Peer 1: 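Mind having a look at this structure? Questions to follow.
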Number of protein chains: 2
Amino acid sequence: MSTRPVTLPDTPSRVWVALHEFVTGEDRRRALRAALDLGPGKVEVLIKLADGPMTLREIARAVAIDPPAATVGIDMLEARGLVHRTPHPDDNRRKLVHLTDAGRDAAARGHAILSEPPPALTNLDPDDVARLGEILTRLQTNTR
Amino acid sequence: MSTRPVTLPDTPSRVWVALHEFVTGEDRRRALRAALDLGPGKVEVLIKLADGPMTLREIARAVAIDPPAATVGIDMLEARGLVHRTPHPDDNRRKLVHLTDAGRDAAARGHAILSEPPPALTNLDPDDVARLGEILTRLQTNTR
DNA sequence: TATTGTTATACTCTATAACTATA
DNA sequence: TATAGTTATAGAGTATAACAATA
């Protein structure tokens with residue numbers, strides 16, 4: 001009787017689970033909390049705002065939260081002096097959220113933390129890194 | 001004057017950011033909430049408990065939370081009838097947390113949701129899936 | 001009427017500190 | 001004295017519903 005391997009061959013499902021484990025194994029939340037006292041969602045907002053001001057609605061859509069959550073979240077960032085609101089020039093209902101200088105600094109520091117690859121990836125064979133990059137490019141264009 | 005590409009070559013950092021975007025783009029939290037009314041952390045606990053009972057301490061370590069958070073979390077799962085506590089046979093300070101039948105069912109359904117690969121991955125060339133699986137295996141053994 | 005932002009409210013998730021019971 | 005679990009408390013994060021102002 002031949003022994004069969006316990007692990008299945010590489011199916012999309014198995015690869016998906018492994019991908020998730022690898023990515024979420026790195027605890028970015030703790031790193032961001034320690035460095036900036038902000039969660040990943042707040043840092044994500046700051047980084048998006050680095051490209052220019054956004055309305056509350058746009059922020060909510062960009063980070064997949066509801067409008068009330070955006071209001072509360074921006075309230076907190078504003079209380080910390082990282083963003084500020086101005087009236088929208090074309091529509092008095094809307095408000096534009098801008099980064100302050102402190103917010104721009106926090107966005108840059110947060111981006112640096114989030115861009116720091118884990119050692120396992122840094123130590124990976126450069127050919128594998130290149131292959132991985134190519135496959136990811138194909139995945140990203142594979143919306144369908 | 002030659003035009004240089006805007007994107008940098010594939011560095012570990014760029015690959016890391018792309019990996020993260022791909023993985024977290026799928027909103028598992030909403031899917032789990034809709035199907036089971038549980039968050040990813042709770043489902044993760046249920047799935048781990050499917051391998052056998054664990055003490056509160058073991059659960060806390062396994063999902064990287066503090067002991068009080070484990071107590072509160074298990075309280076909630078117990079109130080929903082998904083787990084139950086029994087005294088530890090060897091040590092009266094400890095308690096063992098077991099899945100109930102309902103908990104085992106929820107763990108299975110949660111595992112199915114978490115294992116469901118996104119369309120982009122399902123549609124990926126099987127050779128790329130295999131390559132990706134190999135690279136992930138090398139990454140996982142690359143702890144250093 | 002529809003849209004933008006807000007307030008009120010509630011629940012989940014997690015952390016720190018202090019406590020109880022047991023080893 | 002050290003460990004396992006708990007309680008109390010606090011804050012971040014997000015959701016739903018109801019509301020005000022503006023389009």
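In this text, all values refer to a predicted model and were calculated from it rather than measured experimentally. All heavy atoms count here, side chains included; hydrogens, waters and symmetry mates do not. Proteins come first, then strands; the chains are lettered A, B, ... in the order of their sequence lines, and each starts at number 1.
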Peer 1: Mind listing the residues from residues 45-54 of chain A sitting with a heavy atom below 4.0 Å of DNA chain C? Number order is fine.
Peer 2: none

Peer 1: Below the 4.0 Å mark, does D/dG13 have OP1 or OP2 next to a side-chain nitrogen or oxygen of B/R33?
Peer 2: no

Peer 1: Under 3.5 Å, which N/O atoms of the protein pair with N/O atoms of nucleotides 14-17 of chain C?
Peer 2:
unit_1 : atom_1 : unit_2 : atom_2 : d
C/dA15 : OP1    : A/R30  : NH1    : 3.3
C/dA15 : OP1    : A/R30  : NH2    : 3.0
C/dA15 : OP2    : B/D66  : N      : 3.1
C/dA15 : OP2    : B/D66  : OD1    : 2.8
C/dT16 : OP2    : B/D66  : OD2    : 3.1

Peer 1: Whole angstrom is fine here: how far is it from CD1 in A/I74 over to P in C/dT7?
Peer 2: 14 Å

Peer 1: Can you list everything that forms a ring pair (Phe, Tyr, Trp, His ring centres under 6.0 Å) with A/H98? Sequence neighbours excluded, please.
Peer 2: A/H84

Peer 1: Which whole-number value in Å describes the distance from B/L56 CG to D/dT7 C1'?
Peer 2: 13 Å

Peer 1: Going by heavy atoms closer than 4.0 Å, what residues in residues 83-96 of chain A are next to DNA chain D?
Peer 2: A/D91, A/N92, A/R93

Peer 1: Can you name the ring pair (Phe, Tyr, Trp, His ring centres under 6.0 Å) partners of B/H111, sequence neighbours left out?
Peer 2: none

Peer 1: Of all heavy-atom pairs between B/P40 and B/R29, which one has the smallest distance, and what is that distance?
Peer 2: CD-CG, 3.7 Å

Peer 1: If you fit an axis to the five pairs at each end of the helix from C/dT1-D/dA23 to C/dA23-D/dT1, how big is the angle between those two axes, to 10 degrees?
Peer 2: 10°

Peer 1: Report the hydrophobic cluster partners of A/I65, with the cluster defined as I, L, V, M, F, W, Y residues connected by side-chain heavy atoms closer than 4.5 angstrom, directly or transitively.
Peer 2: A/L32, A/L36, A/L38, A/V43, A/V45, A/L46, A/I47, A/L49, A/M54, A/L56, A/I59, A/V63, A/I74, A/M76, A/L77, A/L82, A/V83, A/V97, A/L99, A/I113, A/L114

Peer 1: Round to a whole Å and report the spacing from CG of B/L32 to P of C/dT12.
Peer 2: 15 Å

Peer 1: Expressed as a whole number of angstroms, how long is the span from A/L77:CG to D/dA12:P?
Peer 2: 11 Å

Peer 1: So, do B/L132 and A/L132 sit near enough that their side-chain heavy atoms are less than 4.5 Å apart?
Peer 2: yes

Peer 1: Side-chain N or O of A/T71 versus OP1/OP2 of C/dT6: is the shortest distance under 4.0 Å?
Peer 2: yes

Peer 1: Counting neighbours of CG on B/D101 that are heavy atoms of other residues, nucleotides or ligands and sit closer than 6.0 Å, is the number greater than 12?
Peer 2: no

Peer 1: Among all residues two or more places apart in sequence or in another chain, which pass the side-chain hydrogen bond (donor to acceptor under 3.5 Å, both in side chains) test with A/R85?
Peer 2: A/D75, A/E78

Peer 1: Main chain of A/R93, side chain of A/D91: is a donor-acceptor contact present, judged purely on distance under 3.5 Å?
Peer 2: yes

Peer 1: Please enumerate all residues that pass salt bridge (charged side-chain N to carboxylate O under 4.0 Å, His left out) together with A/D37, with sequence neighbours excluded.
Peer 2: A/R33, A/R80

Peer 1: Rounded to the nearest angstrom, tell me the gap between atom CD1 in B/I59 and atom P in C/dC13.
Peer 2: 14 Å

Peer 1: Return the set of residues passing side-chain hydrogen bond (donor to acceptor under 3.5 Å, both in side chains) with B/E21 (not counting sequence neighbours), or none when no residue passes.
Peer 2: none

Peer 1: Write down the distance between CE (A/M76) and C1' (C/dT6), rounded to a whole number of angstrom.
Peer 2: 18 Å

Peer 1: Is there a path of hydrophobic side-chain contacts, each under 4.5 Å between heavy atoms of I/L/V/M/F/W/Y residues, joining A/V17 to B/L121?
Peer 2: no

Peer 1: Tell me, please, which residues at least two apart from B/T55 pass side chain to side chain contact (heavy atoms under 4.5 Å, CB included).
Peer 2: B/R57, B/E58, B/H88, B/R94, B/L96

Peer 1: Checking B/D105 now: which residues fulfil salt bridge (charged side-chain N to carboxylate O under 4.0 Å, His left out) with it, not counting sequence neighbours?
Peer 2: B/R109

Peer 1: Check the phosphate of C/dT6 against A/R57, side-chain N and O only, distance under 4.0 Å to OP1 or OP2. Yes or no?
Peer 2: no

Peer 1: Quick one: label B/R61 by what it contacts on the DNA or RNA (base, sugar-phosphate, nothing), any heavy atom closer than 4.0 Å.
Peer 2: nothing

